[in-house]
Amino acid sequence: MEMNILDPNCPSRVVFQRVGDKWATLVIQVLEDGPLRFSDLRGKVAVVTPKVLTHTLRALERDGLLTRTVYAQVPPRVDYELTALGRTLLEPLKILRRWAESNVDQMQLAREAFDEAQDEAVLAGSASVGLAR
């Protein structure tokens, strides 16, 4: 089967879904320097709930992008680490990160201009409704 991301039935869409998940991309980048425990991961990703992080880690493990290693000790220790496949995402994510960090100001200005235009249109519409009374 030839892959075509634009085909709604193409399985490669699952990859886009995973890579498009903000928590997944942050976890992958945080794991670049090596294995981490859950609490360390959560601290570095920041503002992610334990439930969402757990769900994200399970999905990344299921997709073969990271491994979960449980050490039989007291208290139990669990480490998360990128697989070879997961590491292949680091460079594309770095490029996207650089793009995002370089262009966020322009995007915020565009959003502000858009929102201002929308607000003006709403106010202009309500003013003309008021005049019709």
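Not measured: the values here are computed from a predicted model.
Hydrophobic clustering keeps Val45 apart from Leu96 (ILVMFWY residues linked when any side-chain heavy atoms are closer than 4.5 Å, directly or through intermediates). Linking ILVMFWY side-chain heavy atoms closer than 4.5 Å, directly or via other members, places Val15 and Leu31 in a single hydrophobic cluster. There is no path of hydrophobic side-chain contacts, each under 4.5 Å, that joins Trp23 to Phe16. Note: the hydrophobic cluster containing Leu60 also contains Val70 (ILVMFWY, side chain heavy atoms under 4.5 Å, direct or indirect links).
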Would you mind writing out the side-chain donor-acceptor pairs for residues 101-117 within the sub-3.5 Å range, not counting sequence neighbours?
{"residue": "Glu101", "atom": "OE2", "partner": "Arg97", "partner atom": "NE", "Å": "3.0"}
{"residue": "Ser102", "atom": "OG", "partner": "Arg98", "partner atom": "O", "Å": "2.9"}
{"residue": "Asn103", "atom": "ND2", "partner": "Trp99", "partner atom": "O", "Å": "2.8"}

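To the nearest 0.5 angstrom, Lys94 atom NZ is 13.0 Å from Ile28 atom CD1. Atom OG1 of Thr69 is separated from atom CD of Glu81 by 6.5 Å, given to the nearest 0.5 angstrom. One finds the OG1 atom of Thr25 at 9.5 Å from the CG atom of Leu89 (value rounded to the nearest 0.5 Å).
Looking only at side-chain heavy atoms (C-beta outward), Arg18 and Leu65 come within less than 4.5 Å of each other. Side-chain contact between Val48 and Leu26 is absent, with no heavy atoms from C-beta onward closer than 4.5 Å. Side-chain contact between Ile5 and Ser12 is present, with heavy atoms from C-beta onward closer than 4.5 Å. Considering only heavy atoms from C-beta on, Val78 stays 4.5 Å or farther from Phe38 through its side chain. Contact annotation: the side chain of Leu90 approaches that of Leu82 to within less than 4.5 Å [non-hydrogen atoms, C-beta and beyond].
In this structure, Arg58 contributes its side chain and Leu53 its backbone to no donor-acceptor pair below 3.5 Å. Judged by distance alone, the side chain of Arg87 and the main-chain N or O of Glu32 form a donor-acceptor pair under 3.5 Å. Arg77 places no side-chain N or O within 3.5 Å of a backbone atom of Arg37 that could act as its donor or acceptor partner.
Heavy atoms only, all atoms of each residue included: Leu6 and Arg13 are closest at O-NH2, 3.1 Å.
Under the salt bridge (charged side-chain N to carboxylate O under 4.0 Å, His left out) criterion, Arg42 pairs with no residue at all, not counting sequence neighbours.
For the side chain to side chain contact (heavy atoms under 4.5 Å, CB included) with Val27, the lone residue among Asp21, Leu36, Thr56 that qualifies is Thr56.
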